[in-house]
Amino acid sequence: MMPKITAKNLTNDELFYGHKACGGCGESLAVRLAMKILGERTFASLPAGCMSAVSFIYPNMAFKTNAIITPFASTGAVAAGVAAGLKALGIENTYSVGFAGDGGTADIGLQALSGAIDRGDQIIYFCNDNEAYMNTGIQKSGLTPYGTRTTTSPAGENLPGSVTTKKNMFEIVAAHDIAYAATASVGYLEDYMMKVEKAKSVKGTSYIHILAPCPTGWGTPSEITISLAKEAVDCGLWYLAEYENGEFKLNKDPKAFTPVADYVKKQGRFKHLTETDIEHLETQRDKKWLKMRRDWNK
Amino acid sequence: MNKPKMKSFTEPKTVTDYPLGATCPSDHITSINAGWRTYRPVIDQEKCVLCMRCFLVCPDGVIDKSSDRLEIDYDFCKGCGVCAYECKPKAIKMVKEAEFNG
């Protein structure tokens, strides 16, 4: 049994500091904590996206470790290359990690990630999911949920915002029979940190998908980032799960969900949603949970 | 305080002053983020129970827990208010910056 990581025993050293992310950015918190747990001997690969845009502003460099900006489509490939290089040079006790956004993972970087998992490369891949292309000004991505207003899926008389649903990235990755995959939320940080710690000792590829609210893109006050990410899990629109040894495991199975309406009405991107749209979200949620509760271990 | 420190930087004057190639030193921060703030978090040390919740949830990692009381690095705090919102004993107050700068 691994020792539990809490706020008290987490290192005080910062490896991701002085970055220019918006105030209250959930994604930067996910990267910050992951770097703390992985430690100084980490090689980070970041594609175009918020996290590279806020940390590599010449002459600023917010990472205290080695980090590189990759072409947009190749986070998985670059991280795999770094891992291969480390192995060839005989540099041990290191981690090669990728930090990509939702678009960089589910749309543009999908084949590079798929290739890395297929080869079983020794990398840890983080998908920091803020549910749209935030860095370029909030465009819809494959992980944008139904009913989200973005600049490329505007809400109006004819459309409720995004009409597509969130791509099921976690199960797409699991379908590769990956060594370790997990979903997390910045609302449940102890759970997230435990999963990062677990990924450190995995032989093969690990994938951690973390839901990270974006105050700018979601139209929320900056201080509610953490509580909103918690509410996303509590209302059932996001879930905490793991996949290892060919088995799915549901980490949190709430007895009753909090109302979806309370969650969506806090956010500017969902402000236009009608009761019918919210019912649609609830139907989708119930369908998903019915399957998860039936088929997955608890 | 073991947080990364700000480095001094002189603007390159000619093109030859720019770094050659694509590599730069890591942990190289040349400007602070304090100017972003409208509200400043202030810790009431009497009320603080050292649960470290604020240290954990700070997206910028500006809360230092190395001494026996928590300290905020105001050079890099952006004033997002996550710490105050998440603080259970309500030991962190968001105070308007204008009150400090006159």
Side-chain angles (χ1 to χ4, degrees), chain A residues 5-33 35-36 40 43-44 54-69 186-187 189-190 192-193 212-215 221-230, chain B residues 1-12 17-19 22-39 41 50-67 70-71 73 75-87 92 94:
Chain A
I5 302 176
T6 61
K8 292 208 168 149
N9 63 21
L10 186 66
T11 171
N12 192 44
D13 291 350
E14 299 293 342
L15 301 174
F16 181 59
Y17 198 74
H19 55 76
K20 309 288 182 193
C22 310
C25 170
E27 204 178 341
S28 62
L29 174 61
V31 173
R32 171 189 167 235
L33 293 179
M35 290 306 293
K36 272 165 147 349
E40 279 186 335
F43 294 76
V54 303
S55 47
F56 297 71
I57 307 169
Y58 177 80
N60 291 282
M61 169 56 173
F63 280 92
K64 207 175 172 180
T65 65
N66 283 289
I68 186 172
I69 300 187
V186 292
L189 289 169
E190 275 85 6
Y192 168 59
M193 293 193 291
C214 164
S222 59
E223 69 269 18
I224 69 165
T225 298
I226 313 294
S227 66
L228 195 65
K230 184 174 179 295
Chain B
M1 193 89 169
N2 56 2
K3 309 275 169 189
K5 292 273 182 304
M6 210 180 85
K7 309 277 192 302
S8 66
F9 176 72
T10 17
E11 282 287 322
D17 295 341
Y18 279 94
T23 51
C24 289
S26 67
D27 177 22
H28 194 264
I29 295 297
T30 61
S31 61
I32 60 171
N33 300 334
W36 295 32
R37 233 173 16 239
T38 314
Y39 291 89
L50 293 172
C51 69
M52 312 288 174
R53 177 76 182 156
C54 55
F55 160 79
L56 183 70
V57 297
C58 176
D60 291 275
V62 298
I63 298 171
D64 183 40
K65 63 166 188 175
S66 57
S67 68
L70 296 174
E71 277 165 39
D73 180 356
D75 278 352
F76 289 99
C77 168
K78 292 168 186 156
C80 67
V82 165
C83 54
Y85 191 84
E86 293 292 321
C87 181
I92 305 180
M94 299 303 287

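Chain A is the first sequence line, chain B the second, and so forth, proteins listed ahead of strands; every chain is numbered from 1.
- At a threshold of 4.5 Å between non-hydrogen side-chain atoms, the residues A:L29 and A:I226 count as touching.
- Residue A:I224 touches chain B through both its backbone and its side chain, counting heavy-atom pairs closer than 4.5 Å.
- If you measure heavy-atom distances from A:L189 to chain B, the contacts under 4.5 Å come from the side chain alone.
- Of the listed residues (A:G26, A:A67, A:A21, A:C25), the greatest number of heavy-atom pairs within a distance under 4.5 Å of chain B belongs to A:A21.
- Looking at A:F56 and A:M61, their side chains come closer than 4.5 Å, going by heavy atoms from C-beta outward.
- Contact count against chain A (heavy-atom pairs under 4.5 Å) is highest for B:H28 among B:E86, B:R53, B:H28, B:M6.
- Interface remark: A:S55 contributes no atoms to any contact with chain B (heavy atom separation under 4.5 Å).
- Here the side chains of A:M35 and A:F63 are in contact, with some heavy-atom distance below 4.5 Å.
- Residue A:I57 holds its CD1 atom at 6.5 Å from NZ of A:K20, rounded to the nearest 0.5 Å.
- In terms of modelled atom types and a separation under 3.5 Å, the side chain of B:N33 and the main chain of A:H19 share a donor-acceptor contact.
- Of the residues considered (B:C51, B:C24, B:G79, B:C77), B:C51 shows the highest number of contacts with chain A, using heavy-atom pairs under 4.5 Å.
- Looking at B:F55, both its backbone and its side chain come within 4.5 Å of chain A, counting heavy atoms on both sides.
- Residues meeting the side-chain contact (heavy atoms from CB on, under 4.5 Å) test with A:E223, sequence neighbours left out: A:P221, B:Y85.
- By the side chain to side chain donor-acceptor pair (under 3.5 Å) test, A:K36 pairs with A:E14, sequence neighbours left out.
- Proximity of a side-chain donor or acceptor of A:S222 to a complementary backbone N or O of A:G24 within less than 3.5 Å is not detected.
- If you tally non-hydrogen atom pairs under 4.5 Å between each of B:R37, B:K65, B:K7 and chain A, the highest count goes to B:K65.
- The candidate with the highest count of non-hydrogen atom pairs below 4.5 Å against chain B, out of A:N60, A:V186, A:T225, is A:N60.
- The greatest number of non-hydrogen atom pairs below 4.5 Å with chain B, out of A:P59, A:A30, A:S28, A:G23, is found for A:P59.
- At a 4.5 Å heavy-atom cutoff, the contact between A:L33 and chain B is made by side-chain atoms alone.
- Options B:C83, B:P25, B:A84, B:P59 differ in how many heavy-atom pairs under 4.5 Å they form with chain A, and the most are formed by B:P59.
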